[in-house]
There are 2 protein chains.
Amino acid sequence: MPRPSAAGPPPGDAGTSAPPALPTTERGRRMRARLLVAAREVFERDGFLEARVTDISAAAGVAHGSFYTYFGSKTAVFRALVAETMDDLYASMSTRGETGPPDGSPAEVAVHRIDQANRRFVAMYRQNTALMALFEQVTTFDPEVRAQRQAARERNVGRVRHSIEQLQRDGLVAADLDAEYAAHALVAMVNGAVHYWLVLDGDFEEERLVATLTRLWAQALGLPVHA
Amino acid sequence: MPRPSAAGPPPGDAGTSAPPALPTTERGRRMRARLLVAAREVFERDGFLEARVTDISAAAGVAHGSFYTYFGSKTAVFRALVAETMDDLYASMSTRGETGPPDGSPAEVAVHRIDQANRRFVAMYRQNTALMALFEQVTTFDPEVRAQRQAARERNVGRVRHSIEQLQRDGLVAADLDAEYAAHALVAMVNGAVHYWLVLDGDFEEERLVATLTRLWAQALGLPVHA
DNA sequence: GTTGACATTGACGTCGACGTCAACTTAGCT
DNA sequence: AGCTAAGTTGACGTCGACGTCAATGTCAAC
């Protein structure tokens with residue numbers, strides 16, 4: 001236990017002091033990692049607003065003060081958590097082309113790829129449902145989290161846009177379709193539908209959802225659905 | 001000014017006392033309305049988290065205590081505000097069929113209607129951008145707001161689903177398309193795209209956006225786009 | 001075994017926001 | 001005018017969360 005020393009003189013404006021650097025020792029890194037795990041737990045259970053720094057340190061099994069050795073504030077841990085998760089998500093999504101497409105027409109191959117992407121997206125979202133909901137929430141008032149989110153979305157949309165442009169060059173999609181806006185809209189469709197079902201509703205048939213999403217996506221681009 | 005009386009004994013748990021009833025006098029109704037307007041201002045400026053009850057009363061030009069005559073807490077005003085806005089939104093959206101469709105094939109009429117709905121949606125969203133963003137934010141931690149939101153979405157999706165089913169009966173849309181999931185997905189597309197552009201990005205060409213949305217929507221349903 | 005940089009602890013002061021209430025004002029009724 | 005119920009006021013006590021820091025523990029290197 002700490003000494004019953006004189007209490008520390010508190011500052012007027014909190015959160016404006018030194019931004020903690022990354023730990024240098026192995027021990028420090030472990031501590032930081034434990035705090036991150038604990039933070040994820042507490043955030044998922046209580047939400048961002050109701051999460052208390054005290055609870056995070058307690059869940060990590062360390063003293064309250066130790067938290068501030070690694071993170072400047074509640075928002076800071078959250079940002080770190082989001083960054084970490086986003087990296088994982090996009091790493092898992094860029095496993096493109098791994099599963100070989102079936103022998104078929106170029107259009108069939110394209111539809112197959114869309115379907116695979118949709119399935120990967122749903123799976124990934126399902127694994128991080130709670131955090132994605134929080135992400136949505138914090139985005140509104142933390143500019144840095146908003147930037148993280150926007151960057152993630154740009155990356156995602158960029159990939160889709162390139163696919164569409166490729167399909168246009170191959171003559172499979174009408175050339176006068178605005179690839180950028182279409183990419184945004186289609187990403188919004190999948191994102192919004194999955195978000196709604198997983199975060200807000202929760203009662204849905206995954207297979208029907210994915211099948212409908214793929215079909216709508218393909219038809220929206222003018223790709224043949226059956227054949 | 002109030003008397004410098006003895007300070008009131010505060011309760012242990014706040015917010016659990018009597019839920020204020022609606023005002024009975026005309027004066028009371030005006031006051032409540034002013035508070036609602038002020039609350040909207042403050043929420044839009046500061047966000048839900050940073051909004052202070054004090055600021056709301058100040059903006060309304062009344063004493064801090066008066067706030068509690070009409071609303072039990074910050075969350076309570078917010079709920080009232082959301083309810084009010086949602087009513088307005090859906091009232092303005094149900095002006096369906098007002099503008100006569102052009103003489104054309106049934107499919108052309110359908111596409112025309114989709115376009116009009118998209119335009120109305122964007123306009124309505126644009127007028128309430130700040131509040132819609134907050135709505136998103138509060139949804140995550142207030143069950144009641146979540147319920148309001150879900151109800152609003154169900155109403156919206158329900159209308160779309162009926163349209164799709166009608167088109168299926170008319171033979172304009174493939175009968176084996178899952179109308180419910182498709183409706184959800186298409187609403188998510190428009191909602192998500194508009195939300196992204198208005199709330200998160202802000203730099204977009206409305207005409208191109210709406211045109212692309214309409215085209216994707218129509219093609220997704222298998223409706224002819226040009227002709 | 002001693003050293004010292006790094007890590008850990010938890011009690012503490014401070015602060016901001018909240019909700020209350022006793023006194024006071026307003027306005028409708030008789 | 002007198003009465004009363006509804007509305008209004010703002011100073012005040014309370015509370016919870018925060019971030020700090022002096023004291024103490026740890027461990028690798030010498």
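Below, read A as the first sequence line, B as the second, and so on, with proteins coming before strands; counting in each chain starts at 1.
Residues in residues 66-79 of chain A take part in these salt bridge (charged side-chain N to carboxylate O under 4.0 Å, His left out) pairs, two or more places apart or across chains: R79(A)-D142(A), R79(A)-E144(A).
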In residues 37-46 of chain A, what donor-acceptor pairs under 3.5 Å come from side-chain atoms, sequence neighbours left out?
{"unit_1": "R40(A)", "atom_1": "NE", "unit_2": "E44(A)", "atom_2": "OE2", "d": "3.3"}
{"unit_1": "R40(A)", "atom_1": "NH1", "unit_2": "T85(A)", "atom_2": "OG1", "d": "3.3"}
{"unit_1": "R40(A)", "atom_1": "NH2", "unit_2": "N128(A)", "atom_2": "OD1", "d": "2.7"}

Pairs under 3.5 angstrom only: tabulate donor-acceptor contacts from the side chains of residues 53-70 of chain B to other protein residues two or more places apart or in another chain.
{"unit_1": "S57(B)", "atom_1": "OG", "unit_2": "V53(B)", "atom_2": "O", "d": "2.8"}
{"unit_1": "S57(B)", "atom_1": "OG", "unit_2": "T54(B)", "atom_2": "O", "d": "3.4"}
{"unit_1": "T69(B)", "atom_1": "OG1", "unit_2": "S66(B)", "atom_2": "O", "d": "3.2"}

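Not one N or O on the side chain of H195(B) forms a donor-acceptor pair closer than 3.5 Å with the backbone of N191(B).
Residue Y70(B) is in sugar-phosphate contact alone, with no base atom involved, counting any heavy-atom pair closer than 4.0 Å across all strands shown.
Partners of E84(B) under the salt bridge (Lys or Arg N to Asp or Glu O under 4.0 Å) rule, at least two apart in sequence or in another chain, do not exist in this structure. In this view, N118(A) and T214(A) satisfy the side chain to side chain donor-acceptor pair (under 3.5 Å) rule, not counting sequence neighbours. Residues satisfying the side chain to side chain donor-acceptor pair (under 3.5 Å) criterion with R208(B), sequence neighbours excluded, are D178(A), E205(B). In this structure R161(B) satisfies the salt bridge (Lys or Arg N to Asp or Glu O under 4.0 Å) test together with E165(B), sequence neighbours excluded. Not counting sequence neighbours, the partners of R149(B) by the salt bridge (Lys or Arg N to Asp or Glu O under 4.0 Å) test are E136(B). Taking the salt bridge (Lys or Arg N to Asp or Glu O under 4.0 Å) definition, one finds that R52(A) meets it with E50(A), sequence neighbours left out.
Regarding H64(B), its NE2 atom lies at a distance of 12 Å from the P atom of dA11(D), rounded to whole Å. Separating the CZ atom of F67(A) from the P atom of dT20(D) is a distance of 12 Å, rounded to the nearest angstrom.
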Return the polar atom pairs (N/O with N/O) between nucleotides 3-5 of chain C and the protein under 3.5 Å, or none.
none

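At the phosphate of dT9(C), OP1 or OP2 sits under 4.0 Å from a side-chain N or O atom of S66(A).
Residues of residues 25-49 of chain B that place a heavy atom closer than 4.0 Å to DNA chain D, in numerical order, are T25(B), R27(B), M31(B). For the segment residues 50-59 of chain B, the set of residues with a heavy atom within less than 4.0 Å of an atom of DNA chain C comprises R52(B), V53(B), in numerical order.
Using a 4.0 Å cut-off between charged side-chain N and carboxylate O, E207(B) and R119(B) make a salt bridge.
The side chain of A63(A) approaches dG10(C) more closely than any other nucleotide in the set dG10(C), dT20(C), dT8(C).
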